[in-house]
Amino acid sequence: MQHQVSLGVGTDRFGCAYLFKTGWGRAVDARGMIALTSSTDSAMRRGWILAVLLIGQLMATMDGSIVSVAAQTIREELGASGAAIQLIVSGYLLTTGVLLVTCARLGDIVGHRRVFLIGLGWFTSASLLCGVAPNATVLVLARIAQAVGAALLMPQVFSLIQLYWDGAARRRVIGIYSMVLALGVALGQVIGGLVVGADLFGLGWRPAFLLNIPIGVVVLAVGARMLPPARVDGRVRLDPAGVALLTVAMTAFTLPLIFGREFGWPVWAWISLVCGGLLLVVFVRYETNSPHPVLDPAVLRPPGVKPGLIACCLIMGCYSVFLLTLTLHLQSALEFSPLQAGLAFAPFAVGFGTLSLSWNRYPQRVQRALPTVGPILFAAGSITLVLLLVHGNWNPFVAAPLLLIAGAGHAAGYSPLIAHLTTLVQPQHASALSALDSTGPMLTAVTTIAGLGSVYFAAPSSADGLLRVTLAVTGLLVTTAICAALADPRPREIGGGSEAPRCQA
């Protein structure tokens, strides 16, 4: 341990040991991780740190879906074309996906704390521009700017969680993080419906963006005060050639997935998709030999990381397409309002939230089984619900327990697994794991929505389309369970090891 003064050890309410000394400072342990080191460092302070990170993540995640609910109102008030609305809704996802990996690497170079605060400030400022946009063109540009801020802050959240917490405390924090990550999309739909429906101050859709301003300002102020400074490795550099190659590859690959269906899958979309896929392969080969890789391939070397990441990506992709197609069916076939459709997923959120917050208290043998059993429960709950739904009307007393099971299965398949993966990689690879955990599920979600979304829209009826999609999702969830089983080939404690847990900064 490198330090200049004597250090003591304390324990917070998360069950997490931490170093402290008189006054402010830092201590670096043998693994290169930085411990919080203030004698005034308390459980309350750690709670503020976690709140700052998760509220920032929630704001960025929700804005990906909150606008879809307001799209029709925006179109009517601004006279926006269909193409402009598509850019307003999907341009955010495209820009975020393209920049996530590069922004995660920036955290290593500039400092995760600094990049998080810059991204939060950028996102908040861009939200103001979105809220006061006088026309569709300005709103499109403001949404792209907003996506840049989201891409800057989002990967830093998971990186900082890995560096601030360890052991049992990390497992608990990752459970909360997983809940925010997965449910932000559904929550965005609910809040979007409430805000637009309320027509606050006669502003229509604008409060959907303007509400980010006071929240962002408060979180930014608290974060600047509470987030501890972090060590920056001066040896890390950003490879411009790698950044350029990745940016072009991601743009070429995701652009047709997001916009291809709207334009009837023209030839350019297929060419772009193939070129993007080939460029991603070239990027991976280039990164293997780069002295300063944008995405360090070493993060994938530990046994279990590759199948574990595949499982995490698949289960999040299945959730995204199931949420979309079931919402479309409720609105188009059963004439639910956007708000009603969003609230229909409340049992799913309860199941997901409950298990995300409690799985770390189960016996170790149960924790090891959850990533494999979870996807099967998700599949069983969703396919049973859809089979009943397509042969009858929506019965909330039947749908609620099935969605509860599906939500709990989703949490069981994701939270324990991503917590386990953090124990397999070294601290210096935290940002690489964060980049893969952010970009991988996003790419999988876009791909499944593009592919299975086309299956849904090509079906003769909404019910038939929903059934076809859910059957495909069931198959993917079985594959997810197999990958999750391969991710932990040896019996071990999730998030374990013999080392005492420690909160890291």
Side-chain angles (χ1 to χ4, degrees), residues 55-100 102-103 106 115-157 184-185 187-189 191-196 198-221 223 247 250-251 254-255 258-259 262 338 438 442 446:
I55 292 174
Q57 176 70 56
L58 184 62
M59 289 170 64
T61 303
M62 283 175 48
D63 257 60
S65 61
I66 196 171
V67 179
S68 61
V69 179
Q72 185 59 36
T73 306
I74 293 173
R75 183 170 189 171
E76 293 172 356
E77 291 191 13
L78 296 183
S81 65
I85 290 296
Q86 185 72 4
L87 287 171
I88 291 168
V89 174
S90 301
Y92 180 89
L93 180 62
L94 173 64
T95 306
T96 303
V98 168
L99 297 177
L100 276 173
T102 300
C103 291
L106 280 176
V115 177
F116 174 83
L117 293 176
I118 291 173
L120 181 59
W122 190 314
F123 179 89
T124 303
S125 301
S127 296
L128 176 60
L129 293 178
C130 290
V132 300
N135 53 57
T137 301
V138 174
L139 184 54
V140 168
L141 295 175
R143 280 286 283 172
I144 293 174
Q146 194 183 38
V148 173
L152 284 168
L153 75 88
M154 287 172 67
Q156 316 311 324
V157 174
V185 177
L187 188 59
Q189 289 185 310
I191 292 180
L194 287 172
V195 170
V196 175
D199 191 18
L200 298 174
F201 309 109
L203 294 175
W205 54 270
R206 297 182 187 275
F209 297 108
L210 295 176
L211 286 176
N212 286 330
I213 311 305
I215 298 173
V217 170
V218 171
V219 174
L220 190 61
T247 301
M250 288 291 292
T251 302
T254 55
L255 188 67
I258 293 174
F259 297 106
E262 295 295 324
S438 299
M442 186 279 299
V446 171

Show me the pairs that pass side-chain hydrogen bond (donor to acceptor under 3.5 Å, both in side chains) and involve residues 208-218, at least two apart or across chains. Asp63-Asn212, Ser127-Asn212
Residues at least two apart in sequence or cross-chain that pass side-chain hydrogen bond (donor to acceptor under 3.5 Å, both in side chains) with Thr247, listed by chain then number, are none
Identify the two heavy atoms, one from Ala150 and one from Pro155, that lie closest to each other, and give their separation to 0.1 Å. O-CD, 4.4 Å
Side-chain contact, heavy-atom cut-off 4.5 Å: Met154 with Met442? no
What is the distance from atom CE of Met250 to atom CG of Leu100, rounded to the nearest 0.5 Å? 7.5 Å
Heavy-atom closest pair, residues Leu153 and Gly56: CD1-O, 3.4 Å
Heavy-atom closest pair, residues Phe209 and Gly131: CB-N, 3.8 Å
Applying side-chain contact (heavy atoms from CB on, under 4.5 Å), can you list everything that pairs with Val140, at least two apart in sequence or on another chain? Leu87, Ile88, Ile144
I'd like to know if the side chain of Gln156 and the backbone of Cys103 have a donor-acceptor N/O pair within less than 3.5 Å. yes
To the nearest 0.5 angstrom, please state how far the CG atom of Leu93 sits from the OG1 atom of Thr254. 7.5 Å
Ala151 to Thr96 - nearest heavy-atom pair and separation: CB-O, 4.0 Å
Set of side-chain contact (heavy atoms from CB on, under 4.5 Å) partners for Leu128, sequence neighbours left out: Val132, Leu210, Ile213
Using the test side-chain contact (heavy atoms from CB on, under 4.5 Å), find all partners of Met62 that sit at least two apart in sequence or belong to another chain. Leu58, Leu187, Ile191
When the side chains of residues 116-126 are checked against the rest of the protein, which donor-acceptor pairs come out under 3.5 Å, sequence neighbours left out?
unit_1	atom_1	unit_2	atom_2	d
Trp122	NE1	Ala145	O	3.0
Thr124	OG1	Leu120	O	2.8
Ser125	OG	Gly121	O	2.9

Give, for atom CZ of Arg143 and atom CG of Leu94, the distance between the pair rounded to the nearest 0.5 Å. 12.0 Å
Partner residues of Val138 under the side-chain contact (heavy atoms from CB on, under 4.5 Å) criterion, sequence neighbours left out: Ala133, Pro134, Asn135
When rounded to the nearest 0.5 angstrom, what is the spacing between CG in Leu141 and CD in Gln146? 12.5 Å
